[in-house]
Amino acid sequence: MAFSRRLRVRLLGATALIAAATVPIVTIPATATGAERTAAAVNAGGYWMYGADGGTFAFGSAGFLGAARSQSNDIIGMAASRSGAGYWMADDDGDVFASGDANVFGARASSLDNVAAFAARPQGDGYWLATRTGGLESYGKAPSFPGVTVKESKRITTLASTVSGAGAWMAAVDGGVFTFGDAAFLGSMGGVRLNQPVVGMAPTPSGRGYWLVASDGGIFSFGDAGFFGSTGNLQLVQPVVGMASTATGRGYWLVASDGGVFAFGDARFYGSLGGIRLNAPVRGMVAGPPGPDPVFEPVHTSPPGTPGVPAPPGTPAPPASPVATLVGAGDIAQCGSSGPAASKAEATAKLLDGVPRNSSTVVYTTGDNVYNDGTATEFKNCYAPTWGRHKDRTRPVPGNHDYNTAGASGYYGYFGAAAGQAGKGWYSYDLGAWHVVVLNSNCSSIGGCGAGSAQEQWLRADLAASSARCTVAMWHHPRFNSGRTHGNNMEVAPLWSALYDYGADVILNGHVHVYERFAPQTPDARADSAHGIRQFTVGTGGASGYAFETTPQPNSEVRRTGTDGVLKLTLRADGYDFNFLAVAGQTFSDSGSGTCHGRP
């Protein structure tokens with residue numbers, strides 16, 4: 001049997017991100033037409049990593065559904081349910097744990113810690129456990145097979161199901177491959193002296209090929225499995241422990257024990273745990289379900305070129321674009337000692353779970369993403385298990401609590417490129433027919449927000465260059481506030497003025513832990529139904545609520561505290577619909593519509 005241990009590498013640098021993916025940004029040439037921009041959408045995907053202690057980390061379209069609770073045994077395998085809305089994990093004495101829509105079909109009643117691998121049928125109705133020495137146990141509708149016998153020195157390390165679920169492959173530490181049922185033998189490394197032991201296996205979607213991966217990241221491909229690269233010639237910080245293939249079979253991911261991820265072929269990098277101190281090592285990974293990415297232009301973080309020329313009066317509106325959706329809130333993940341599952345951020349995250357994923361839906365935040373200090377640990381332990389499962393479609397805003405960590409390093413490190421340039425935090429993008437502007441109201445940390453400041457100059461240049469009829473802007477500290485805490489914020493008044501001058505329609509804020517809606521108004525709080533901006537304060541993501549003053553601010557239309565929820569904006573070509581969605585058990589709601597307008 002001829003084989004090749006090829007060492008060509010196409011490595012996507014793993015960054016220290018936790019429990020969910022960075023927002024995928026589609027890089028589109030500046031000369032692309034509207035049709036080309038639409039066609040630039042790509043199918044998303046994702047993956048789960050699982051730790052020896054049952055910790056689960058979800059990236060991309062793979063949703064976090066809970067961790068295993070193995071008391072004293074190491075987790076040795078994981079598999080996803082047919083829908084991708086559930087998964088199993090198994091430990092080394094044969095206990096099986098199920099989350100989401102995965103069902104337990106049985107587990108071994110034994111105190112022997114000799115289970116080495118786990119695999120589930122693609123149909124989701126059964127699974128196998130494999131022992132170190134080749135024993136194979138079946139549960140549910142997984143067919144039973146007699147197993148094999150191998151020496152402990154050539155122990156079994158991995159197990160995979162065929163597409164039909166009527167067969168399985170096992171691979172040993174020396175690269176020997178064993179087949180059962182309708183699994184075809186397509187080659188192995190048995191009898192070949194390897195530099196490092198084989199630690200993982202992944203079949204191709206056709207079932208007519210498979211890959212083996214060694215702990216140094218060397219890849220061995222058999223059948224119709226293509227070679228797309230390896231880490232076999234790199235010096236790794238920690239050894240590779242597993243792999244997963246993409247749905248197309250034209251790429252794969254490798255994962256190291258520190259959670260570092262390496263992507264090859266058409267496998268996209270959605271995030272990693274590289275550089276993060278873990279309680280227990282990562283044991284492997286599983287590919288998540290495919291799903292659509294939001295289609296974003298690259299964020300604009302520097303002033304555009306020559307400002308655009310305003311359209312003459314009477315110029316027809318641009319053609320209608322597909323309806324888009326913005327949904328989110330601020331002041332979100334506050335776990336304390338209760339943990340993420342008991343935090344109110346989990347309740348608001350479930351509202352996001354109910355908003356369908358499509359190419360024109362974006363989750364926004366309005367700052368104070370995690371409490372109390374925006375550290376990397378808080379993002380990992382509190383934000384990531386809740387709102388973090390929507391990180392792949394999130395465009396964030398920094399809050400003052402995010403800046404309790406010097407330079408908001410936890411915030412920028414967690415969200416990566418989706419947060420704009422570190423040290424600035426302002427950026428913009430187009431969504432449907434709308435232009436979306438994200439600003440940083442932590443003014444003292446970025447050189448000020450006043451007229452002539454770097455951010456204010458960038459904002460005016462960005463708005464001048466935009467050809468969108470409709471504009472929404474968001475940042476943390478609200479200019480107008482009827483809450484008893486914080487009061488009005490005058491520092492952001494120059495930003496309001498710039499947005500009003502260029503005909504912006506909606507502003508979204510957080511900081512005050514309430515929901516408040518204002519009527520369209522001018523920067524100096526005069527009602528203006530023709531050209532005014534409507535401000536929403538949505539500090540309802542999960543943090544404890546604040547009280548209101550007895551006398552509200554001028555133009556305040558609706559006020560609510562004590563109700564957690566998210567604000568959903570449906571963005572049409574000529575206007576918007578708004579709908580406040582309260583968490584389960586709460587009855588408050590607020591909805592309505594608005595029309596886009598031009599410059600005053």
Side-chain angles (χ1 to χ4, degrees), residues 23-44 291-300 304 308 311 315-329 352 354-366 390 392-397 418 420 426-439 459 462-475 499 502-508 520 533-534 536 538 566-581 591-599:
V23 174
I25 300 173
V26 180
T27 303
I28 304 171
T31 57
T33 66
E36 288 168 334
R37 290 177 183 272
T38 301
V42 295
N43 284 331
D293 275 345
V295 181
F296 297 142
E297 290 183 328
V299 294
H300 304 300
T315 301
S321 298
V323 173
T325 301
L326 278 171
V327 58
L352 302 178
V355 178
R357 289 177 175 271
N358 59 59
S359 60
S360 298
T361 297
V362 173
V363 173
Y364 67 86
T365 75
T366 54
H390 295 276
D392 63 307
R393 56 175 180 166
T394 297
R395 290 288 199 180
V397 161
W426 57 79
Y427 60 92
S428 67
Y429 60 97
D430 290 331
L431 183 64
W434 284 62
H435 188 57
V436 185
V437 180
V438 177
L439 300 175
L459 173 61
D462 180 79
L463 294 171
S466 172
S467 60
R469 179 181 179 185
C470 308
T471 299
V472 55
M474 59 187 78
W475 62 84
L499 289 160
Y502 283 93
D505 305 283
V506 176
I507 289 174
L508 303 174
I533 305 174
R534 169 166 275 146
F536 293 90
V538 198
V566 298
L567 180 67
K568 178 182 178 182
L569 294 179
T570 302
L571 307 178
R572 297 178 274 101
D574 59 350
Y576 61 94
D577 304 316
F578 60 88
N579 188 8
F580 182 84
L581 308 175
S591 60
S593 300
T595 302
C596 295
H597 52 73
R599 302 181 188 182

Identify the heavy atoms of [X] and [Y] that sit nearest to each other, and give their distance.
X: M474; Y: T365; answer: SD-O, 4.2 Å
X: A418; Y: P396; answer: O-CD, 3.4 Å
X: L326; Y: V472; answer: CD1-CG1, 3.8 Å
X: N579; Y: S591; answer: OD1-CB, 4.0 Å
X: R393; Y: L352; answer: NH2-O, 3.0 Å
X: R572; Y: C470; answer: O-SG, 4.3 Å

**Report entry** Passing option when Y364 is tested against V397, V566, L567, V436 for side chain to side chain contact (heavy atoms under 4.5 Å, CB included)
**Finding:**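 Testing Y364 for a side chain to side chain contact (heavy atoms under 4.5 Å, CB included) against V397, V566, L567, V436 leaves exactly one candidate, L567.
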
Would you compute the distance between atom [atom1] of [X] and atom [atom2] of [Y] and round it to the nearest 0.5 angstrom?
X: T361; Y: H390; atom1: OG1; atom2: NE2; answer: 11.5 Å
X: D505; Y: H597; atom1: CG; atom2: NE2; answer: 4.5 Å
X: L499; Y: T471; atom1: CG; atom2: OG1; answer: 8.0 Å
X: T595; Y: R469; atom1: OG1; atom2: CZ; answer: 8.0 Å
X: L431; Y: L569; atom1: CG; atom2: CG; answer: 10.5 Å
X: W475; Y: I507; atom1: CH2; atom2: CD1; answer: 3.5 Å

Query raised in the report: Which of parallel (below 30°), tilted (30 to 60°) and perpendicular (above 60°) describes F578 and Y576?
Result: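 Judged by the thresholds at 30° and 60°, the geometry between F578 and Y576 is tilted.
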
Report task. List in chain and number order the residues that pass side chain to side chain contact (heavy atoms under 4.5 Å, CB included) with T570, two or more places apart in sequence or in another chain; answer none if no residue qualifies. Result ->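 Expected list: V323, K568, D577.
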
Requested in this report: Would you please name every residue forming a side chain to side chain donor-acceptor pair (under 3.5 Å) with T366, sequence neighbours left out?
Outcome: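 Residues passing side chain to side chain donor-acceptor pair (under 3.5 Å) with T366: none at all.
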
Query raised in the report: With Y502, which residues qualify under side chain to side chain donor-acceptor pair (under 3.5 Å), at least two apart?
Result: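 Y502 satisfies side chain to side chain donor-acceptor pair (under 3.5 Å) with no other residue.
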
Query raised in the report: How far apart are the C-alpha atoms of F536 and V506, what are their side-chain angles, what is the distance that settles it, and do they pass the side chain to side chain contact (heavy atoms under 4.5 Å, CB included) test?
Result: CA-CA 8 Å; F536 293 90; V506 176; 3.9 Å; yes

Query raised in the report: For A468, does its backbone N or O pair with a side-chain atom of S466 as donor and acceptor, under 3.5 Å?
Result: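 Yes.
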
Query - V362 and Y429, any side-chain heavy atoms less than 4.5 Å apart - result: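 In contact.
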
